[in-house]
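The block underneath contains the structure these notes are about, expressed in structure tokens.
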Amino acid sequence: MPNDAIFNQSTQPLYTEQVNTYLAPGIDTLPEAGAAQSGLLFAVPFTSTVTASAPLVLQISNPAGSGRTVYISRVTASSAAAGVTLALLRNATVSGSTVTPVNFNFSSSVTSVMTARSSTAAPTGSPGTLMSLLLSTGPVIINLNGRIIVPPGNSLTLSLTVASGSIAGTGGISWWEY
């Protein structure tokens with residue numbers, strides 16, 4: 001076996017082969033685009049008044065035995081004033097209203113396997129905190145691009161809390177399933 005370098009030399013061009021046959025010369029995109037085309041990109045939004053005793057809580061749960069793994073695409077939130085804390089929690093207990101996830105492909109009839117809930121009661125149980133951010137006035141978009149993976153039997157909860165007063169807030173979670 002010859003002792004050839006596995007990397008291209010500086011005097012030679014870099015050889016590549018496009019495997020994306022969508023359009024020439026090639027298009028690169030995030031996984032969300034393919035998921036949306038397949039009808040597997042979903043979201044749940046929630047708007048509420050956030051008070052010290054009534055946080056904004058939004059949860060998506062992947063039921064045990066669902067057969068799909070969920071990849072979190074994006075988390076969004078906004079507040080009308082500074083001082084709101086956004087927390088992402090793993091496997092919290094949330095009791096609240098059931099929310100129907102929205103499919104980003106308007107012509108798709110595919111429904112999400114996720115169970116979504118919204119609530120204005122604090123999450124309970126023994127959740128693990130994945131991240132916590134103190135928000136300023138206005139929106140925040142956390143692009144996760146699939147970096148949080150929710151296998152069957154697990155959940156992700158978004159919680160917006162405020163120490164005192166009353167503030168208008170919004171939250172949303174988008175994901176794709178495979």
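Because only heavy atoms are used, hydrogens play no part in the values below, and waters and symmetry mates are left out as well, while side chains stay in. The model shown is predicted, which means the values in this text are computed figures rather than measured ones.
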* Can you name the closest pair of heavy atoms from P152 and S66 and give their distance? -> CG-OG, 3.7 Å
* To do: For residues S159 and V57, report the shortest heavy-atom separation together with the two atoms involved.
  => OG-CG2, 4.2 Å
* **Hydrophobic cluster membership, V75 vs V102, 4.5 Å side-chain cutoff** => no
* Within-4.5 Å side-chain heavy-atom neighbours: M114 and I173 -> no
* Donor-acceptor under 3.5 Å (T137 side chain, A82 main chain) -> yes
* L41: hydrophobic cluster co-members (side-chain, 4.5 Å) -> Y71, F104, I149, W176, Y178
* To do: Would you check if there is a donor-acceptor pair between the side chains of T170 and S78 at a distance under 3.5 Å?
  => yes
* To do: Check whether any side-chain heavy atom of L86 sits under 4.5 Å from a side-chain heavy atom of L158, and report yes or no.
  => yes
* Flag side-chain contact, heavy atom, 4.5 Å: L88 against T157 -> no
* Asked: Are T111 and T100 side-chain neighbours, meaning at least one heavy-atom pair lies under 4.5 Å?
  -> no
* Asked: L89 and side chain to side chain contact (heavy atoms under 4.5 Å, CB included): which partner among L130, T129, L156?
  -> T129
* Residue pair V84 / T161, side-chain heavy-atom distance below 4.5 Å -> no
* Asked: Which of these, S108, S109, S107, sits in a side-chain hydrogen bond (donor to acceptor under 3.5 Å, both in side chains) with N105?
  -> S107
* Judged by atom type as modelled, is there a donor-acceptor pair below 3.5 Å linking the side chain of N91 to the main-chain atoms of P127? -> no
* Would you mind reporting whether T115 and P63 have side-chain heavy atoms less than 4.5 Å apart? => yes
* Structure fact -> Closest heavy-atom pair, S119 versus G96, reported as atoms and distance to 0.1 Å, is CB-CA, 4.1 Å
* Asked: Is it the case that N62 and N154 place a side-chain donor and acceptor less than 3.5 Å from each other?
  -> no
* Asked: Are I142 and T76 side-chain neighbours, meaning at least one heavy-atom pair lies under 4.5 Å?
  -> no
* To do: Would you name the heavy atoms of S155 and V150 that are closest together and state the gap between them?
  => N-CG1, 4.0 Å
* Tell me, which pairs form a salt bridge (charged side-chain N to carboxylate O under 4.0 Å, His left out) where one or both residues lie in residues 57-80, sequence neighbours left out? -> R68-E177
* Looking only at non-hydrogen atoms, find the nearest pair between F46 and T120 and report the distance. => CZ-CG2, 4.4 Å
* To do: Would you mind reporting whether V94 and L58 have side-chain heavy atoms less than 4.5 Å apart?
  => no
